[in-house]
Amino acid sequence: MILCKMAQQLGMPYSTGIVEYAKVKKDLSTSFKDIKKLLKTFSIIDRDRNGLVDISDLGWYLGVPSGAGLKMVFDSMAPASDGFLTFHNYVHGLLARCSSPHLQNEEFLHTIFNYLDQDHNGALSEADMFRLPIHIAAARHTTDDFYQITPQIGFEEFKALLSEYKEYVLLFEAYRNIGIIAT
């Protein structure tokens with residue numbers, strides 16, 4: 001009920017907030033605070049606030065053009081959809097696919113980090129970070145200085161950033177699967 005009221009406050013239909021929290025908590029080890037955060041993110045992605053996200057909304061949020069990578073991300077969150085992603089699909093798709101295995105796979109994360117580290121100095125510069133559209137998503141979360149690009153970030157900071165913006169883990173996995181990021 002709290003999530004439904006929050007969805008309304010965010011300008012979306014009341015029913016958008018329906019998610020089986022007890023099941024999500026048990027199956028995906030997620031706190032209520034995390035689910036509320038995901039609802040806020042979903043409301044940002046859902047540009048017309050109808051409670052449904054289409055592939056163009058997701059592409060806009062991620063800052064990536066249409067293509068095979070974006071389609072793979074969308075389909076992984078809404079495998080049997082009619083072209084729309086509900087909050088329920090978003091929560092289950094994102095948390096089931098991005099929780100531990102990907103974020104704990106050091107080899108996968110190093111592959112992404114090394115792909116972005118163009119000068120191979122072991123740190124991501126501002127120029128490297130702009131190859132990574134996370135700065136777009138972060139800017140959409142708030143109007144204050146929530147995310148400042150520092151001159152360089154190391155691997156551990158990069159991992160923390162990906163744990164905050166899990167959608168990019170799916171995007172990088174898709175890029176790896178279609179050969180944009182070599183392993």
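Predicted, not measured: the structure shown is a model, and the values here were computed from it.
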>> Using only atom types and a distance under 3.5 Å, with no angle test, would you say the side chain of Asp34 pairs donor to acceptor with the backbone of Leu38?
In response: no
>> Check whether Asp117 reaches the backbone of Phe113 with its side chain - one donor and one acceptor, N or O, closer than 3.5 Å.
In response: no
> Going by the salt bridge (Lys or Arg N to Asp or Glu O under 4.0 Å) test, which pairs reach into residues 52-70, not counting sequence neighbours?
Replying inline: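 Qualifying pairs: Arg47-Asp57.
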> Restricting to pairs with a member in residues 75-87, which pass salt bridge (Lys or Arg N to Asp or Glu O under 4.0 Å), not counting sequence neighbours?
Replying inline: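 Residue pairs with at least one partner in residues 75-87: Lys71-Asp75.
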> Does the pair Phe42 and Leu94 meet the rule for a side chain to side chain contact (heavy atoms under 4.5 Å, CB included), with working shown?
Replying inline: CA-CA 11 Å; Phe42 187 83; Leu94 191 63; over 6 Å; no
Minimum heavy-atom separation for [X] and [Y], please, with both atom names.
X: Val73; Y: Ala174; value: CG2-CB, 4.2 Å
X: Leu162; Y: Tyr168; value: CD2-CB, 3.9 Å
X: Met77; Y: Leu170; value: CG-CD1, 3.9 Å
X: Tyr61; Y: Ile45; value: CG-CG1, 3.4 Å

>> Run the side chain to side chain contact (heavy atoms under 4.5 Å, CB included) test on Asp46 and Tyr90 for me, step by step, so that the C-alpha distance in whole Å, both residues' side-chain angles and the decisive distance to 0.1 Å come before the verdict.
In response: CA-CA 11 Å; Asp46 181 14; Tyr90 176 73; over 6 Å; no
>> Can you list everything that forms a side-chain hydrogen bond (donor to acceptor under 3.5 Å, both in side chains) with Ser43? Sequence neighbours excluded, please.
In response: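 Ser43 satisfies side-chain hydrogen bond (donor to acceptor under 3.5 Å, both in side chains) with no other residue.
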>> For a side chain to side chain contact (heavy atoms under 4.5 Å, CB included) check, start with the C-alpha distance between Leu109 and Phe172, then their side-chain angles and the critical distance, and finish with the verdict.
In response: CA-CA 9 Å; Leu109 296 175; Phe172 287 128; over 6 Å; no
> Checking side chain to side chain contact (heavy atoms under 4.5 Å, CB included) for the pair Thr111/Tyr115: CA distance, chi angles, key distance, verdict?
Replying inline: CA-CA 6 Å; Thr111 299; Tyr115 166 75; 5.6 Å; no
